[in-house]
Amino acid sequence: MANHITLMNGTSVPVHSIPSLGIGEFSQWLTDELHNRARVCAFFAGPQENDSQNNRTSRMLYAVLARDAENSLAVAATPAPQAYPAFTPAMPALHLFERELYEETGIEPTGHPWLKPVRFPATPHGPAIGIADFFTVTGEDVHEVAVGPIHAGIIECGHFRFQCQGEVVMHLEISLGYHHRGIEKALQGGPTKRTLPFMETLAGDTTIGHSWAYSTIIEALAHLPVAPRGQALRAVALELERLANHTGDLGALAGDIGYLPTSAFCGRLRGDFLNITALLCGNRFGRNLVCPGGTAVAADAALCRTMVERLHLAAKDVEGAANLMWRTGSVLSRMMGIGTVPEKAARDLGLVGPAARASGLPCDARSTHPLPGMRGHDLHTHTLQAGDVFARATMRHKEIQESVAFITRMLQSLPEGEVYSHPTPGCSNTPPLAPHTLAVALVEGWRGEVCHVAMTGAQGNFARYKVMDPSFHNWIGLAMALRGQQISDFPLCNKSFNLSYCGHDL
Amino acid sequence: MLQTIAERLRQQYRTVPYPSAHPVLSERFMGRPHINAHTCTANAGCTACMEVCPTQALALQEGTLGLDMGRCTFCGKCAKACPQSALTFTKEYRLASSTRQGLWVFPSPEPADAPVPSQVQPFDHPMLPSLRRSCRLREVSAAGCNACEADCNVLGTIVFDLPRFGIDYVASPRHADGLLITGPLPRNMQLATQKCYTAVTPPKLVMAVGACAISGGLFSGLEAEGEGAPAHLTVNLFIPGCPPHPYTILDGMLRFLGKQVP
Ligand code: SF4
């Protein structure tokens, strides 16, 4: 019997078809996959089950891996032990998953090098937020800088501790959880009328990424076909989200260097992209746009034309703004060689998105795991080798150019027909979902891979709904980028990743 | 240098003419809701809108339907569900209120496009004349989803140019006249927010921006106890929306400071 089951992105498998391995075998399988062909998308405890039909009375641990070269996903399970030898020492990409597992269930990965709280959820025995065993460095000339939870700008909250010697940062520790709203727990038992709005606000700057992943989950579990025109509009909206955020980040990077022309131009242009999304759905952040079966809003030929026109005006100005920066030596010298994440570290830590691609990893779910109906609509996946702030910044610029070309192509040849396949437009009633089924959806959001995994119970409602925002993979990348840098490089490194706090904290 | 100037000339002057002209909003913008008193049958037992609302923003108050903009995410589901088409969303973006009660919308016999008086009173405080010239705010993202944060941030760009109105976001609460709070303020943010509030200098005004900050919004009732800013602080200005449009925020701030608005 195979030690795992494979499936494609946006599909589902019956839970009982997922092989259950002994913990040793599971560990071997994970090691072999991660060292040779796969990366980890999700690792979590399934629902607390009492399933007589399948003779499973306790919890199972599930791992969902992406085999990019084969365009497939591999899933396996193991009965949850009370404790087991941690996977992290051999597979660092699992470090946060194991901490999360311990925090949520008490299942202990023994020998985990830093088994600290992740989100400080409301539990009777758990520590209060901010109470953790932080790393410290002692010795001459060593000092510590603590920042946050409330930061100096208009940004989300999190706590950073820099261990420095003089100006040089030896280690940056990032402690989050301040944005924990308890969404994952609230999703259990759903879908309800609040489920889709929750998805749209998991990370408000990745509304399309998360609402598309959720809708894909519902489509897979309800065997609901997605309307081709709706799917194409979702893809357009996803790239608009990318354009707005990448443009904003280029501006923010310029701002942190003190190069004001690009900062000022991009600040405006970011809004121009958001306003194009608002043309489509009335909301600048793409709320009420994606729904299971397609989209809740339609676009006629005239609207598509207007969108393309506005897109090209904004895109031209972004080119101008970005090129000013690339032609300015003082800007380049500030970015080059700063905050380097080598390819090996990026791979070992399981980084995703533009940060991974800037370190040479060609991982992009749009090409390697196309969603149903999206095959053949690839965007070119760029990779760079340097892995520094400059690489992450130029990566944004390259992706902006790809997205503009993609949206133009899509809007000029939208498939005909309705935008939704569901009988009730706007999809306020979710169709019945298959019971005892697991579904996976990967969407390449602007920060990287958005991964949703849902498991249904006997009645077809969510027994477990797991959300992985790309930030969950990438925060450790930011910590690594800071190693050996000057503390004054932090803002730049931070903006080059621009990670989500609420997407991590859920 | 010359290239910079050339690009600046090409991209032109981009600050909006507001407040001397009305803003241009998207055709599909969802603004102030309107309930038609002639056609709404909620008082006769219809519950269609209440059933679909994800945030319990719609409720019967003494037999008549009320819509609480302080909870509403402006998703429009109620308007689609209404069998009488009695509930509609107008293009009115001026939604802020000095009071929590001022965010409720009740059935109106007037047509949807009839003007509605603003619910914002200029800040009733002896420091108002100086605040009108300089008002400095410390933004606290109390577990917001980053959409309200983004729409507060955008006011600082060249498009809106917030400092021209004398309003600035500052890095330290000690430099601030008040707090601008976004997000539902769940348990994990309560201590930090309280400390920040303590450090603010008088008059310590508080603005709650977005459904989450006003009432917990979508996250009300969840385990993390995010029920919005009024559960912890005295709020002086409520700016509803999910997120509020930047013009909704700007309009609310300017009225609150007793400034001219269109
Ligand atoms: S628009 Fe507001 S009141 Fe209407 S259903 Fe949506 S959240 Fe509820």
Side-chain angles (χ1 to χ4, degrees), chain A residues 119-122 128-130 149-150 152-157 177-183 185-186 192-194 196-198 201-205 207 248 261 264-265 267-268 270-271 274-275 278-285 287-288 297 317 320-321 323-324 327 425-426 428 500-502 505, chain B residues 3-4 7-8 10-11 14 25-30 52-55 73-77 80-81 138-154 156-159 169 171-173 183-184 186-189 191-193 196 218-219 222-226 242-243 245-246:
Chain A
R119 306 190 174 98
F120 300 88
I129 183 97
I150 300 177
I154 303 187
I155 30 177
E156 299 169 71
C157 289
Y178 295 87
H179 282 248
H180 181 58
R181 296 157 291 173
I183 299 183
K185 226 175 207 176
T192 68
K193 59 187 176 182
R194 279 216 254 179
L196 183 54
F198 278 147
T201 50
L202 281 168
D205 48 29
T207 296
F265 292 140
R268 161 178 78 90
R270 175 176 185 280
L274 295 178
N275 289 338
L279 282 179
L280 196 54
C281 70
N283 182 291
R284 290 156 41 90
F285 297 88
R287 305 280 177 81
N288 316 314
V297 292
D317 288 354
N323 287 331
L324 277 185
R327 284 194 211 111
S428 36
S500 173
Y501 300 71
C502 56
D505 292 345
Chain B
Q3 283 168 336
T4 313
E7 188 62 25
R8 168 64 182 76
R10 201 182 67 70
Q11 296 213 12
R14 293 300 187 126
L25 301 169
S26 108
E27 274 298 308
R28 295 180 176 181
F29 173 73
M30 309 266 289
V52 296
C53 178
T55 61
T73 62
F74 296 77
C75 71
K77 297 227 166 64
K80 282 189 190 144
R138 175 79 274 262
E139 205 275 341
V140 177
S141 168
C145 77
N146 211 17
C148 285
E149 287 77 359
D151 271 351
C152 290
N153 234 334
V154 80
T157 64
I158 53 164
V159 180
Y169 301 125
S172 166
R187 213 181 53 130
N188 286 358
M189 272 308 293
L191 179 63
T193 306
C196 189
L218 269 171
F219 307 110
L222 264 50
E223 191 184 77
E225 299 163 18
C242 188
H245 195 280

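Reminder, nothing fancy here: chain letters follow the sequence lines and each chain counts from 1.
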*Decide side-chain contact (heavy atoms from CB on, under 4.5 Å) for B:R187 and A:H180; before the verdict, give the C-alpha distance in whole Å, the side-chain angles of both, and the deciding distance to 0.1 Å.*
CA-CA 9 Å; B:R187 213 181 53 130; A:H180 181 58; over 6 Å; no

*Please confirm whether the backbone N or O of B:L218 pairs with a side-chain atom of A:R194, one donor and one acceptor, at under 3.5 Å?*
yes

*Validation row: A:K193, B:K77 side chains within 4.5 angstrom (heavy atoms)*: no

*Would you find a donor on one side and an acceptor on the other, under 3.5 Å apart, between the side chain of B:N188 and the backbone of A:G177?*
yes

*asked:* I need the residue from A:Y501, A:F120, A:F198, A:F285 with the largest number of non-hydrogen atom pairs under 4.5 Å to chain B.
replied: A:F285

*Side chain from CB out, backbone as N, CA, C, O: work out which of these in A:N288 comes under 4.5 Å of a heavy atom of chain B, or both, or neither.*
side chain

*By a 4.5 Å heavy-atom criterion (distance strictly below it), what part of B:I158 contacts chain A: side chain, backbone, both, or neither?*
side chain

*chain A contact via B:R8 - which portion, at a heavy-atom distance below 4.5 Å*: both

*Where on B:Q3 is there a heavy atom nearer than 4.5 Å to chain A: the side chain, the backbone, both, or neither?*
both

*Please tell me if the side chains of A:I150 and B:S141 come closer than 4.5 Å, counting only heavy atoms from C-beta onward.*
no

*Contacting moiety of B:P173, where chain A heavy atoms sit under 4.5 Å*: neither

*Looking at B:R14, B:Q11, B:E7, which one has more heavy-atom pairs under 4.5 Å with chain A than the rest?*
B:Q11

_Contact between A:R268 and B:T157 at the side-chain level, heavy atoms closer than 4.5 Å - yes or no?_
no

_Non-hydrogen side-chain atoms of B:R28 and A:V297 separated by less than 4.5 Å_ = yes

*Considering only heavy atoms, which portion of B:S172 lies under 4.5 Å from any heavy atom of chain A: side chain, backbone, both, or neither?*
neither

*Pick one of side chain, backbone, both or neither for B:C242, based on which atoms fall under 4.5 Å of a heavy atom in chain A.*
both

_At a 4.5 Å cut-off on heavy atoms, which part of B:Y169 comes close to chain A: side chain, backbone, both, or neither?_
side chain

_Interchain contact, A:R270 with chain B, by part (heavy-atom threshold 4.5 Å)_ = side chain

*Of all of A:C281, A:G282, A:C157, which one pairs up most often with chain B through heavy atoms under 4.5 Å apart?*
A:G282

*Heavy atoms, side chains only, cut-off 4.5 Å: are B:M30 and A:N283 in contact?*
no

_As an exercise: rank A:A278, A:G320, A:G182, A:C502 by heavy-atom pairs under 4.5 Å with chain B and give me the winner._
A:G320

